[in-house]
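To keep things clear, I will list the structure first and then write my remarks on it.
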2 protein chains.
Amino acid sequence: MAEKKADQFSAAVNCPIRQVLDRFGDKWSILVVELLSHKGRLRFSEIGQHIGDISQKMLTVTLRSLESDGLILREIFPEIPPRVEYELTPLGMSLVPQIESLTNWGKEHLETILHNRKTYELRQKKKITY
Amino acid sequence: MAEKKADQFSAAVNCPIRQVLDRFGDKWSILVVELLSHKGRLRFSEIGQHIGDISQKMLTVTLRSLESDGLILREIFPEIPPRVEYELTPLGMSLVPQIESLTNWGKEHLETILHNRKTYELRQKKKITY
DNA sequence: AGCCTTACTTACTTTTTAGTAACAATCGTG
DNA sequence: CACGATTGTTACTAAAAAGTAAGTAAGGCT
């Protein structure tokens with residue numbers, strides 16, 4: 001099935017959804033954007049504390065790629081101990097409404113989804129045990 | 001840094017964004033929803049052909065989890081060779097606008113992002129080679 | 001009898017992603 | 001002169017996601 005040529009429609013191999021997902025489908029990027037959109041400007045350690053369970057390494061990686069894409073700005077203060085602050089750029093801010101709209105959908109429907117999953121499990125068990 | 005307690009704000013450990021990402025951050029789910037929203041009702045092999053580079057296994061896995069969540073409906077026709085058709089449920093359809101809005105953001109800004117990445121790379125090289 | 005079709009399933013391998021823990025840099029402080 | 005503070009980096013490991021290829025079912029066709 002692989003190797004087939006995709007058509008001109010949206011699921012095609014190089015469509016923009018896939019590029020967006022490739023970039024933001026990771027575990028932390030969207031979370032960091034969301035956080036900065038609420039808090040404005042934060043330093044490295046503050047972001048880590050707010051998220052709560054991100055490792056230093058992943059925080060660095062995530063911030064670097066967001067910076068590289070131009071979604072956040074990184075400002076270094078030449079002090080000791082070092083201080084580095086991050087904030088959204090206008091481009092980063094332009095992503096926020098989209099994230100919020102996804103989040104709102106989640107808030108609205110996740111309960112239903114969880115319920116559906118349970119129902120589905122039960123249906124499966126019945127069929128197998130039968 | 002891990003093990004910290006997250007606060008009441010949006011980046012907290014169990015916030016809805018994370019649940020949405022955990023579920024739809026995979027490679028194919030959103031793509032299948034998008035495809036079905038454009039094409040209506042498709043059988044297994046048609047979905048595979050439209051996407052172009054998904055393996056049978058991943059298509060099955062993706063369709064199962066979408067079905068389990070109640071986003072798509074699966075109808076089996078007891079024929080030989082077998083025919084199975086998939087279509088969005090109302091819940092699945094309710095996700096479509098959110099996906100489209102993300103996609104549109106991508107279409108609008110991906111060029112800028114690609115450009116930013118190149119610029120960033122150059123800046124890094126300069127600093128290192130200097 | 002053997003091959004075709006479709007929609008899977010299974011076992012196994014590869015690739016990607018993320019986590020862990022130790023170390024670096026640097027200055028002020030005790 | 002070791003220690004703490006902060007923002008990293010690095011090497012290594014673990015876990016998750018995805019890919020590959022073979023097999024299954026069941027009846028129709030030749």
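Naming convention: chains lettered A, B, ... in sequence-line order (proteins, then strands); numbering from 1 in each chain.
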With the 4.5 Å side-chain cut-off for hydrophobic clustering, are Leu91(B) and Leu73(B) part of the same group?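 No.
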ILVMFWY cluster, Trp105(B) and Leu21(B) together (side-chain gap under 4.5 Å): yes
Between [N] atom [atom2] and [X] atom [atom1], what is the distance in whole Å?
| X | N | atom1 | atom2 | result |
| --- | --- | --- | --- | --- |
| Gln56(B) | dA21(D) | CD | C1' | 10 Å |
| Ile80(A) | dT7(D) | CD1 | P | 13 Å |
| Ile54(A) | dG8(D) | CD1 | C1' | 14 Å |
| Glu79(B) | dC8(C) | CD | P | 13 Å |
| Glu75(A) | dT6(D) | CD | C1' | 16 Å |
| Leu59(B) | dT20(D) | CG | P | 14 Å |
| Leu42(A) | dT6(D) | CG | P | 15 Å |
| Glu46(B) | dC8(C) | CD | P | 13 Å |

So, for Val96(A) and Ser37(A), which heavy atoms are closest and what is the spacing to 0.1 Å?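 In terms of heavy atoms, the two residues are closest at CG2-CB, 3.5 Å.
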Does the Thr89(A) side chain pair with the main chain of Gly70(A), one donor and one acceptor, at a distance under 3.5 Å? yes
His115(B) backbone acceptor or donor facing Thr119(B) side chain under 3.5 Å: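 Such a contact is found between Thr119(B) side chain and His115(B) backbone.
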Between [X] and [N], does any side-chain N or O lie under 4.0 Å from OP1 or OP2?
| X | N | answer |
| --- | --- | --- |
| Arg43(B) | dA7(C) | yes |
| Arg83(B) | dT5(C) | no |
| Ser45(B) | dA7(C) | yes |
| Arg74(A) | dG8(D) | yes |

With nearest nucleotides of DNA chain C determined for Gly25(A) and Pro82(B) from heavy-atom distances, which residue corresponds to the more 5′ nucleotide?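 Upstream on the strand: Pro82(B).
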Tell me which of Lys57(A) and Arg64(A) sits closer to the 5' end of DNA chain D, going by the nucleotide each one is nearest to.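 The residue mapped nearer the 5' terminus is Arg64(A).
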When we call it a touch if two heavy atoms are under 4.0 Å apart, what does Lys27(B) touch: a base, just sugar-phosphate, or nothing?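 Sugar-phosphate: the residue Lys27(B), judged by heavy atoms under 4.0 Å, touches backbone atoms but no base.
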Could you tell me whether Tyr86(B) contacts a base, only the sugar-phosphate backbone, or nothing, with contacts defined as non-hydrogen atoms closer than 4.0 Å? sugar-phosphate
Return the nearest nucleotide to the side chain of Pro81(A); candidates are dT7(D), dA18(D), dT6(D). dT6(D)
